[in-house]
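What you see below is based on every heavy atom in this structure, not just the backbone, and it leaves out hydrogens, waters and symmetry mates. Just so it is clear, the structure is predicted and the values come from calculations on it, not from any experiment.
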Amino acid sequence: MDWLTDYPWVAWVGVALILAAIEAATVDFVFVMLAGGALAGGLAAGLGGNAPVQVIVAVLVAALLLFVVRPIIKRKFTEGEHDNTIGASGLVGREARVIQTVTDTDGRIKLAGETWSARVAEGSEPLRPGDDARVIAIHGATAIVAADRH
């Protein structure tokens, strides 16, 4: 193990790779920041810093990355995460085509390439096949629609 004492930067790179692999499993931007600290420790080792200097550099860089860079990256990756653009709630506001007369009790529409059961919104007139409709809400597996007046 003389090579490890002769080349401590290799150990730091190894630690960084292990931390990066853990990050791939967690995807929380914690271990990648620690990996960045380990790489900084490796750089300090490569530049000839002794063991205490390497550890101090690694800890300082990791802390800086964790408390400054991580919140920015996390915010960037999670913004718009809860904007309801997927699933049934993502269909609200979309256009649909009536394929079977839609009344306040029954009907069928073509929405996002699928056939949906539908009802007209309260106070709306029934819609005939071929009419354009706009989805107002989704209740279970039923779309609530109103006439789409471009």
Side-chain angles (χ1 to χ4, degrees), residues 1-99 102 104 107-124 127 131-150:
M1 281 263 192
D2 285 335
W3 66 270
L4 192 56
T5 55
D6 292 339
Y7 304 103
W9 64 269
V10 174
W12 285 107
V13 171
V15 169
L17 289 173
I18 291 168
L19 290 169
I22 295 170
E23 177 63 36
T26 63
V27 194
D28 197 32
F29 303 111
V30 171
F31 290 97
V32 74
M33 300 302 155
L34 297 176
L39 288 176
L43 181 63
L47 294 174
N50 59 19
V53 169
Q54 296 170 29
V55 171
I56 291 170
V57 167
V59 168
L60 288 176
V61 169
L64 180 72
L65 291 171
L66 276 171
F67 297 112
V68 176
V69 177
R70 181 179 177 264
I72 296 167
I73 292 174
K74 190 130 169 100
R75 187 172 34 254
K76 248 332 193 193
F77 276 90
T78 58
E79 88 185 3
E81 188 173 286
H82 303 290
D83 63 359
N84 296 327
T85 58
I86 62 171
S89 59
L91 298 173
V92 174
R94 303 246 332 240
E95 284 186 27
R97 174 73 64 170
V98 176
I99 57 175
V102 179
D104 58 352
R108 299 280 179 272
I109 60 170
K110 190 67 121 175
L111 173 61
E114 297 178 343
T115 301
W116 280 71
S117 60
R119 293 190 325 246
V120 291
E122 194 173 310
S124 294
L127 300 172
D131 287 348
D132 289 327
R134 176 116 5 229
V135 177
I136 306 299
I138 302 285
H139 294 163
T142 302
I144 309 303
V145 298
D148 188 17
R149 310 269 189 246
H150 298 287

Checklist line | Trace of the side chain to side chain contact (heavy atoms under 4.5 Å, CB included) decision for Lys110 with Thr115 | finding: CA-CA 5 Å; Lys110 190 67 121 175; Thr115 301; 3.6 Å; yes

Item checked: Criterion side chain to side chain contact (heavy atoms under 4.5 Å, CB included) on Lys74 and Asp28, from CA distance to verdict -> CA-CA 8 Å; Lys74 190 130 169 100; Asp28 197 32; 2.8 Å; yes

Next item on the list: List the steps, then state whether side chain to side chain contact (heavy atoms under 4.5 Å, CB included) holds for Ile99 with Trp116.
Entry: CA-CA 10 Å; Ile99 57 175; Trp116 280 71; over 6 Å; no

Next item on the list: Decide yes or no on side chain to side chain contact (heavy atoms under 4.5 Å, CB included) for Val15 and Leu34, but give the supporting numbers first.
Entry: CA-CA 9 Å; Val15 169; Leu34 297 176; over 6 Å; no

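To the nearest 0.5 angstrom, Ile109 atom CD1 is 12.0 Å from Asp131 atom CG. With rounding to the nearest 0.5 Å, the separation of CZ in Phe31 from CG in Leu66 is 10.0 Å. Note: Arg94 CZ to Arg134 CZ = 10.0 Å, rounded to the nearest 0.5 Å.
Here the closest heavy-atom approach between residue Leu65 and residue Gly37 is recorded as CD1-N, 4.1 Å. When every heavy atom of Ala38 is checked against every heavy atom of Leu19, the shortest pair comes out as CB-CD1, 4.5 Å. Here the shortest heavy-atom pairing between Val30 and Arg70 reads CG2-NE, 3.4 Å. Looking at every heavy atom in both residues, Ala45 comes nearest to Pro8 through CB-CG, 3.8 Å. Shown here for Val61 and Gly36, the closest heavy-atom pair between the two residues is CG1-O, 4.0 Å. Of all the heavy atoms in Val32 and Glu23, the pair that sits closest is N-OE1, 3.2 Å.
Remark: side-chain polar atoms of Ser124 are not paired, donor with acceptor, to backbone N or O of Ala147 under 3.5 angstrom.
Put simply, the residue from Ile136, Val98, Leu127, Leu111 that forms a side-chain contact (heavy atoms from CB on, under 4.5 Å) with Val145 is Leu127.
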